[in-house]
Amino acid sequence: MTDDTSPWLVVGLGNPGGEYAGNRHNVGFMVADLLAERMGARFKAHKSRAQVVEGRVGPPGPTSRRVVIAKPMSFMNLSGGPVTALRDFYKVPVGHVVAVHDELDIDYGALRLKIGGGDNGHNGLKSITKSLGADYCRVRFGIGRPPGRMDVAAFVLKDFSAAERRELDYFVDRAADAVETLIADGLERAQGTYNS
């Protein structure tokens, strides 16, 4: 059981660097950027090898929650190190850690929220689970499967298609709403509203 006053750590997964910015694999960074924008805050470098923003989610007052939004700068498959360092630094219970990531086995734009489970071959999750165990929250952002025989690694490291980009802002906005609902109202409410 986690204490309601404990801070939350929302980790958007992605790869640092301009050449990766629009990749499907970087949708976690896109959601983190929007959450930071909503808080009116800018990312700052943290000694954990991550960019962080600190703020609050929920209506002002005693029910608002302290939140740290983070983008690990270690590359996707080494995300566990920065996430563990941030968890320790901010004293965040594992149940208050939220990973926002791309998910191949869900249709483009669909969301699924859950706690625990496997990594489904996702190297960012694999690294976090190795460091923290599996009992953290996930906001899974569907990117769909690669067309034809395209290699999965090539697919996730490609930018969203022109057709996908037309709806991308809407889907990223919805994912940010889902993260805020998860923190403010709990997993069950967020799943009921956003799982598709």
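The first residue in the sequence is number 1, and the count goes up from there. It should be emphasised that the depicted structure is a prediction, and the values quoted were computed from it without experimental measurement.
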- Smallest heavy-atom separation, Ala134 atom then Gly117 atom, equals CB-O, 3.7 Å
- Given side chains that start at C-beta, do those of Leu111 and Phe141 come closer than 4.5 Å, heavy atoms only? yes
- Query: Going by heavy atoms in the side chains, are Val179 and Val67 under 4.5 Å from each other?
  - Reply: no
- For side-chain contact (heavy atoms from CB on, under 4.5 Å), just list the numbers for Arg174 and Thr193, CA-CA rounded to whole Å, side-chain angles, deciding distance to a tenth of an Å, and then say yes or no. CA-CA 10 Å; Arg174 196 164 177 272; Thr193 307; over 6 Å; no
- Task: Answer with yes or no whether the hydrophobic clustering places Ile106 together with Met150; edges join I, L, V, M, F, W, Y residues whose side-chain heavy atoms lie under 4.5 Å apart.
- Result: no
- Query: In the single-linkage hydrophobic clustering (I, L, V, M, F, W, Y; side-chain heavy atoms under 4.5 Å), do Met30 and Met73 co-cluster?
  - Reply: no
- Do you know the tightest heavy-atom contact between Pro72 and Gly12? CD-O, 3.3 Å
- Query: Hey, is the main chain of Ala190 close enough, under 3.5 Å, to the side chain of Thr181 for a donor-acceptor pair?
  - Reply: no
- Note on the structure: Looking only at heavy atoms, the pair that brings Ser6 and His96 closest together is O-ND1, 3.3 Å
- Query: Are the side chain of Arg65 and the backbone of Val57 linked by a donor-acceptor contact shorter than 3.5 Å?
  - Reply: no
- Message: Could you check whether atom CG of Asp173 has more than 12 heavy atoms from other residues, nucleotides or ligands sitting under 6.0 Å from it?
- Response: yes
- Item | Nearest heavy-atom neighbours spanning Val97 and Tyr136 | O-CB, 3.5 Å
- Heavy-atom closest pair (Asn26 atom, Gly14 atom, distance to 0.1 Å) is OD1-CA, 3.4 Å
- Query: Given side chains that start at C-beta, do those of Leu113 and Tyr194 come closer than 4.5 Å, heavy atoms only?
  - Reply: yes
- Message: Using a 6.0 Å cut-off, check whether atom CD of Glu19 has over 12 heavy atoms from anything other than its own residue.
- Response: yes
- Item | Side-chain touch Val139/Val31, heavy atoms, less than 4.5 angstrom | no
- Consider only side-chain N and O atoms of Glu54 and Tyr90, and report whether a donor and an acceptor are under 3.5 Å apart. yes
- Query: Taking side chain as C-beta onward, heavy atoms only, is Leu86 less than 4.5 Å from Val92?
  - Reply: no
- Query: Where the side chain of Asp159 meets the backbone of Asn23, is there a donor-acceptor pair that is under 3.5 Å apart?
  - Reply: yes
- Task: Please step through side-chain contact (heavy atoms from CB on, under 4.5 Å) for the pair Ile183 and Val10, ending with a clear verdict.
- Result: CA-CA 9 Å; Ile183 293 167; Val10 177; 3.6 Å; yes
- Is Thr129 reaching over with its side chain to a backbone N or O of Lys126, donor-acceptor style, under 3.5 angstrom? no
- Query: If two hydrophobic side chains count as joined below 4.5 Å and joins carry through other members, does Leu168 share a cluster with Phe155?
  - Reply: yes
- Message: Here's one to test your reading of the geometry: is the NZ or CZ of Lys71 within 45 degrees of the ring axis of Phe43 and under 6.0 Å from its centre?
- Response: yes
- Item | Straight-line distance of Ile69 CD1 to Leu9 CG, nearest 0.5 Å | 8.5 Å
- Enter the distance from Arg87:CZ to Ile128:CD1 here, rounded to the nearest 0.5 Å. 11.5 Å
- Task: Determine, using the 4.5 Å side-chain heavy-atom cutoff (strictly less than), whether Leu104 and Phe29 are members of one ILVMFWY cluster.
- Result: no
- Task: Look at atom NZ of Lys114 and say whether more than 12 heavy atoms of other residues, nucleotides or ligands are closer to it than 6.0 Å.
- Result: yes
- Nearest 0.5 Å, what's the CG-SG distance between Leu187 and Cys137? 5.5 Å
- Task: Decide, yes or no, whether a salt bridge links Asp151 with Lys158 under the criterion of side-chain N to carboxylate O below 4.0 Å.
- Result: no
- Message: Applying the salt bridge (charged side-chain N to carboxylate O under 4.0 Å, His left out) criterion to Asp105, which one of Arg145, Arg140, Arg112 satisfies it?
- Response: Arg145
- Message: Side-chain heavy atoms nearer than 4.5 Å, only ILVMFWY residues, links allowed to pass through others: does that put Val172 and Val156 together?
- Response: yes
- Item | Gap between atom CG of Leu78 and atom CE of Met76 - 0.5 Å precision | 11.0 Å
- Item | 4.5 Å side-chain heavy-atom contact, Val152 and Pro146 | yes
- Message: Does any part of the side chain of Val83, heavy atoms only, come nearer than 4.5 Å to the side chain of Ser131, both counted from C-beta?
- Response: no
- Check the angle between the aromatic planes of His122 and His101 and answer parallel, tilted or perpendicular using the 30° and 60° thresholds. perpendicular
- Note on the structure: Between Pro82 and Ala50 the two heavy atoms that sit nearest each other are CB-CB, 4.4 Å
- Output for pair (Leu125 CG, Arg138 CZ), nearest 0.5 Å, gives 5.5 Å
- Item | Any donor-acceptor pair under 3.5 Å from Asn15 side chain to Phe75 backbone | no
